[in-house]
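In what follows, a single structure is set out as structure tokens and then discussed.
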Amino acid sequence: MAHSEPQYWLMKSEPDAFSVDDLAKKPNSPWDGVRNYQARNFMRQMKKEDGVFFYHSSCKIPGIAGIAKITREAYPDFTAWDPKSDYFDTKSSPENPRWDMVDLSLVEKWTRVITLADLKKTEALEGFQLLKKGNRLSVMPVSHEQWHHILTLKNQLTSQPL
DNA sequence: GCCAACGTTGGC
DNA sequence: GCCAACGTTGGC
């Protein structure tokens with residue numbers, strides 16, 4: 001396949017640390033600090049132009065705040081060998097990097113956050129990894145079906161008064 | 001601030 | 001390789 005279909009993902013960020021507005025201000029932001037193997041492995045599968053739901057977690061109204069895209073594929077997360085970084089990991093080094101990151105740019109900030117509660121109410125999203133009990137994964141795949149269901153939901157909710 | 005769920009660590 | 005202890009995530 002010369003041109004493979006884009007894949008879709010969801011990535012969580014705490015808006016106090018890095019919000020959708022921060023991403024809007026800084027195209028090609030490195031997504032550093034992922035220190036979970038499953039999440040890292042998903043990032044390694046990401047391709048340029050893949051779509052990403054930007055999710056705000058650990059905040060007042062958790063939910064999807066907008067869409068981003070991958071602008072650079074996985075490369076070593078250098079914050080892992082920076083002793084001054086919060087994400088410093090003694091087991092990672094430039095010679096033997098353990099953690100990867102990707103770069104992202106914002107595509108669109110949504111005028112209304114599609115909240116976790118909105119998503120939970122949507123029958124078509126049953127089985128979505130994000131909605132599973134105890135799910136703490138910060139990077140996860142989104143199927144094409146789920147992606148389009150969520151876009152439809154977003155269009156419905158955005159055209160309605162709150 | 002609480003706590004359930006989960007991942008990681010380290011002793012054995 | 002098991003598993004208890006511990007730390008972290010993230011919704012509420």
Side-chain angles (χ1 to χ4, degrees), chain A residues 7-26 29-46 50-68 70 74-104 106 108-143 145-147 149-154 156-158 160 162:
Chain A
Q7 297 298 120
Y8 298 118
W9 309 93
L10 180 142
M11 297 172 92
K12 295 179 185 173
S13 182
E14 297 184 21
D16 289 344
F18 190 77
S19 72
V20 70
D21 292 319
D22 293 321
L23 184 61
K25 277 180 234 152
K26 197 174 168 248
S29 284
W31 198 268
D32 59 3
V34 170
R35 296 292 178 269
N36 171 285
Y37 289 104
Q38 239 188 309
R40 181 201 67 181
N41 293 342
F42 284 134
M43 288 202 297
R44 287 181 172 175
Q45 297 173 32
M46 291 176 177
D50 277 2
V52 177
F53 285 137
F54 191 102
Y55 182 91
H56 282 171
S57 68
S58 292
C59 56
K60 253 189 180 155
I61 307 171
I64 301 170
I67 295 179
I70 304 299
Y75 62 105
D77 181 345
F78 47 78
T79 64
W81 56 75
D82 175 5
K84 290 190 292 266
S85 170
D86 289 342
Y87 306 123
F88 179 60
D89 179 357
T90 49
K91 289 169 192 139
S92 191
S93 66
E95 297 75 32
N96 200 1
R98 168 175 295 209
W99 304 109
D100 280 0
M101 57 188 173
V102 294
D103 288 357
L104 257 67
L106 189 69
E108 59 178 33
K109 178 187 171 178
W110 289 350
T111 53
R112 176 205 195 283
V113 171
I114 304 309
T115 67
L116 182 61
D118 294 330
L119 298 171
K120 280 181 175 167
K121 276 184 279 185
T122 307
E123 236 172 280
L125 295 176
E126 229 175 282
F128 185 27
Q129 198 160 1
L130 179 78
L131 304 180
K132 289 206 174 128
K133 195 175 165 188
N135 171 62
R136 304 186 314 164
L137 199 56
S138 64
V139 177
M140 69 188 74
V142 175
S143 73
E145 234 189 350
Q146 289 160 348
W147 180 268
H149 275 305
I150 291 169
L151 287 185
T152 303
L153 179 67
K154 174 241 165 193
Q156 284 170 5
L157 294 177
T158 304
Q160 285 171 12
L162 269 176

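We name chains A, B, ... by the order of the sequence lines, and we start the count at 1 in each one.
The distance between atom OH of A/Tyr37 and atom P of C/dT8, rounded to the nearest whole Å, is 16 Å. A straight line from CG of A/Leu137 to C1' of C/dT9 spans 11 Å, rounded to a whole angstrom. For the pair A/Asp89 CG and C/dG7 C1', the interatomic distance rounds to 15 Å; values are reported in whole Å. Distance, A/Asn36 CG to B/dC6 P: 13 Å, rounded to whole Å. Between the C1' atom of C/dG11 and the CZ atom of A/Arg136 lies a distance of 13 Å, rounded to the nearest Å. Separating the CD1 atom of A/Ile64 from the P atom of C/dG11 is a distance of 12 Å, rounded to the nearest angstrom. Atom CD of A/Glu14 is separated from atom C1' of C/dG11 by 12 Å (rounded to the nearest Å). Note: CZ (A/Arg98) to P (B/dT8) measures 10 Å, nearest angstrom.
Under 4.0 angstrom from either OP1 or OP2 of C/dG11 there lies at least one side-chain N or O belonging to A/Tyr55. Between B/dT9 and A/Lys91, a contact under 4.0 Å exists linking OP1 or OP2 to a side-chain N or O. For the pair A/Lys120 and C/dC12, the criterion of a side-chain N or O lying under 4.0 Å from OP1 or OP2 is met. At the phosphate of C/dG10, OP1 or OP2 sits under 4.0 Å from a side-chain N or O atom of A/Lys12.
Residue A/Ser58 places its side chain closer to C/dG10 than to any other of C/dG11, C/dG10, C/dT8. Side chain of A/Lys133, nearest nucleotide from B/dT8, B/dA5, C/dG10: B/dA5.
Side-chain contact between A/Leu10 and A/Val52 is absent, with no heavy atoms from C-beta onward closer than 4.5 Å. No side-chain heavy atom of A/Val113 sits under 4.5 Å from any side-chain heavy atom of A/Ile64.
Using a distance-only test at 3.5 Å, with no hydrogens or angles considered, no donor-acceptor pair links the side chain of A/Arg44 to the main chain of A/Ala74. Within the 3.5 Å criterion, the main-chain N or O of A/Phe18 finds a donor-acceptor partner in the side chain of A/Ser13.
Aromatic pair A/Phe54/A/Trp31: centroids less than 6.0 angstrom apart.
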